Structures are given as C-alpha cells and as structure tokens.
Amino acid sequence: MPSSATLHFSDRVAIVTGAGSGIGHATTVALAEAGARVLGVGRRKEALEQTARAHSNIEILPLDICAEGAAATVVTAAVERWGRLDLLVNNAGVTAVMPLAETDRSVITNLFELNVTAPSLLAHAALPHLRKSSGSIVNVSSTYGHRPMPGGAHYAATKSAMEQLTRSWALELAPEGIRVNAVAPGPTKTDVLAAAGLPDHTVDEMYTFERERIPTGRLGDPREVADWILRIADPRGTHVTGQVLTVDGGLELI
Ligand SMILES: NC(=O)c1ccc[n+]([C@@H]2O[C@H](COP(=O)([O-])OP(=O)(O)OC[C@H]3O[C@@H](n4cnc5c(N)ncnc54)[C@H](OP(=O)(O)O)[C@@H]3O)[C@@H](O)[C@H]2O)c1
C-alpha cells in the first residue's frame with residue numbers, strides 16, 4: 001500500500017478510457033492506488049473486469065466511446081456514482097498502417113472518430129464538472145503526434161490533432177482553473193499493434209525495428225507511461241498546462 005503522503009488523488013474522481021488493456025489499464029490501477037475513484041471505460045467487459053479486480057476503487061463501464069451519446073453516458077455514470085469529476089484521461093486510441101497508396105476512407109474516418117472526435121466529446125461533456133472541481137484533462141498522444149510517420153500518416157495526424165487540442169483547450173480553460181496536458185508515449189509494449197490487425201510476426205518485426213532506433217535501447221512499459229500521466233495530472237501541479245510530455249526513451253530527438 002502506498003503511504004498517505006503519496007495519495008495525491010484521495011477523494012478525487014477520474015475517468016480513464018481504454019482501461020481494459022495497456023496504458024489505460026496501468027493508469028486506472030495507478031490512479032486507484034493513489035487514492036482516486038476511477039471509472040474505467042472500454043468495449044470489452046471481460047478486460048475491464050480484470051482491471052477492476054486490481055483495486056476496489058475501480059468501477060467499469062463497458063461501452064464504445066464512438067457511439068451516439070457515449071460521452072454524456074460516461075460522464076454521467078462517474079458523477080452519479082461519486083458526485084464529482086476531477087480528471088479525464090483520454091487514452092483509448094487505435095493506430096493503422098496505411099501508406100498513401102493504400103488510402104481507405106473508412107480507415108481515416110475510424111481513426112479520427114476514436115482518436116479525435118470521441119475524446120473531444122468526452123472533454124465537452126466533462127467540462128461543467130471540471131469547472132466545479134478545478135480539474136484536468138490528460139490526452140494520450142504519441143511521439144508520432146510531433147514526428148512524421150511514414151506509412152502511418154493518418155494515425156500521426158490524429159495524434160497531432162490531439163496535441164493541438166491540448167494546447168488550445170489549455171489556453172481556453174486556464175482562466176477557469178482547468179489544466180489540459182498530454183503524454184506522448186513512444187513505442188510501448190501493449191496490444192496496440194495487434195488491435196490494428198497486424199499479425200504477430202509483423203508486430204515482432206516492428207518492435208525490433210523500433211527498439212534498435214530508441215536511444216535508451218528498449219521499448220516503453222505501460223506502467224511508466226501511467227506514472228507520467230499521474231505526475232502531469234497531479235492536482236498539486238496547478239501551474240503546468242498545455243504541455244506535451246514525451247515518454248519515449250529519446251526517440252523524438254532523432
Ligand atoms: N503502445 C504504443 O506503442 C503507443 C505509442 C504511442 C501512443 N499510444 C497510445 O496510447 C493509447 C493506449 O494504447 P495502448 O498502447 O495501451 O493500446 P491498447 O492496449 O490497444 O489500448 C487501447 C484501448 O482503447 C480501447 N478502445 C479502442 N476502441 C475503443 C472504443 N471505440 N471505445 C472504447 N474504448 C476503445 C481498447 O479497449 P476495447 O478494445 O475493449 O474497446 C483498449 O483498451 C492509445 O491512444 C495509443 O494511440 C500507444
């Protein structure tokens with residue numbers, strides 16, 4: 001158990017999207033361990049249930065955040081359970097390998113729906129409650145939100161959009177005491193590539209390629225990304241807003 005000195009999220013309420021796996025799972029558990037009550041959202045009920053088993057502060061809501069009315073449903077669920085909302089972690093996202101020569105309208109639409117539109121609507125629905133709590137939003141971007149990604153331009157474009165939303169909302173909401181930041185992971189060992197439909201051998205090849213390029217010589221771990229999400233969301237960090245914190249072993253520098 002963490003000591004009370006580390007429980008910076010005691011009595012705070014958070015929503016984490018994509019809570020059933022990878023970075024979202026790690027963030028949900030870390031927030032709960034830091035004292036927050038957390039609503040974990042995602043489509044797969046079983047994956048969410050596994051996350052919820054990690055801590056009694058975690059409740060779950062299985063749902064597709066791209067569905068009509070989902071943002072209001074998610075925010076209402078958290079506020080009805082706990083009476084407030086302090087933090088929205090817009091983590092759910094998907095990637096896609098799609099060179100320009102293979103452009104497909106439905107891939108573009110799905111990427112932007114999940115990575116840009118759904119988090120925007122969640123932030124909109126959360127806003128009245130974040131105003132009351134002087135809360136914050138953490139958007140999960142990527143190294144490729146500010147680096148080019150040959151073969152994945154549209155994924156990179158969605159994350160670039162996320163970073164611009166972060167900065168613009170930060171300026172818009174600073175006078176109201178709401179902070180908006182982003183954490184941009186580099187290649188991190190999760191299910192993200194499998195979720196993009198890539199076969200195991202391609203995933204292994206991509207991880208090997210990335211590992212060789214990353215200056216620290218290793219892939220990221222979802223728990224260390226979660227750790228930085230908590231640090232930038234820490235309610236004591238009232239002067240940090242509009243920032244994109246890259247957690248990628250220096251990959252963005254090369
Ligand atoms: N891993 C990396 O290398 C890396 C690098 C940079 C950025 N990121 C970003 O980090 C974030 C988390 O990804 P991850 O690496 O942890 O991969 P992941 O394990 O595939 O997590 C993505 C999560 O999003 C959820 N999700 C997908 N579509 C959804 C929908 N329509 N409604 C609700 N939830 C949905 C998934 O749950 P369900 O399938 O159950 O819905 C899943 O839990 C993403 O935004 C990703 O772009 C990852």
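Predicted model, so just to flag it, every value in this text is computed and none were measured. All ligand and atom numbering here is 1-based and tracks the order in the structure.
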Would you kindly say whether Glu252 and His146 are connected by a side-chain donor-acceptor distance under 3.5 Å? yes
Could you pull out the N/O contacts under 3.5 angstrom between ligand 1 and the surrounding protein atoms?
residue, atom, partner, partner atom, Å
ligand 1, 1 (N), Thr188, O, 3.0
ligand 1, 1 (N), Thr190, OG1, 3.0
ligand 1, 3 (O), Thr188, N, 2.8
ligand 1, 3 (O), Thr188, O, 3.3
ligand 1, 15 (O), Thr190, OG1, 2.6
ligand 1, 16 (O), Ile23, N, 2.8
ligand 1, 17 (O), Thr190, OG1, 3.4
ligand 1, 19 (O), Ser21, OG, 2.7
ligand 1, 21 (O), Ser21, OG, 3.4
ligand 1, 28 (N), Arg43, NH2, 3.3
ligand 1, 31 (N), Asp64, OD1, 2.7
ligand 1, 32 (N), Ile65, N, 2.9
ligand 1, 39 (O), Arg43, NH2, 2.9
ligand 1, 39 (O), Arg44, NE, 3.1
ligand 1, 40 (O), Arg43, N, 3.3
ligand 1, 40 (O), Arg44, N, 2.8
ligand 1, 40 (O), Arg44, NE, 2.7
ligand 1, 41 (O), Arg43, N, 2.8
ligand 1, 41 (O), Arg43, NE, 2.7
ligand 1, 43 (O), Gly18, O, 3.3
ligand 1, 43 (O), Ser21, OG, 2.8
ligand 1, 45 (O), Asn91, O, 2.7
ligand 1, 45 (O), Lys159, NZ, 2.9
ligand 1, 47 (O), Tyr155, OH, 3.0
ligand 1, 47 (O), Lys159, NZ, 3.2

Pairing donors with acceptors under 3.5 angstrom, does anything connect the side chains of Thr143 and Asp248? yes
Working note: Arg53 + Gln50, criterion side chain to side chain donor-acceptor pair (under 3.5 Å); need CA distance, chi angles, decisive distance, verdict. CA-CA 5 Å; Arg53 278 195 284 278; Gln50 200 173 341; 5.0 Å; no
Just checking Arg213: does its CZ atom have more than 12 heavy atoms from other residues, nucleotides or ligands closer to it than 6.0 angstrom? yes
Check against side chain to side chain donor-acceptor pair (under 3.5 Å), Asn139 and Thr166: CA-CA 7 Å; Asn139 294 320; Thr166 298; 3.0 Å; yes
Run the side-chain donor-acceptor check on residues 64-75: report pairs under 3.5 Å with partners two or more places apart or on a different chain.
residue, atom, partner, partner atom, Å
Asp64, OD1, Cys66, N, 2.8
Thr73, OG1, Gly69, O, 2.9

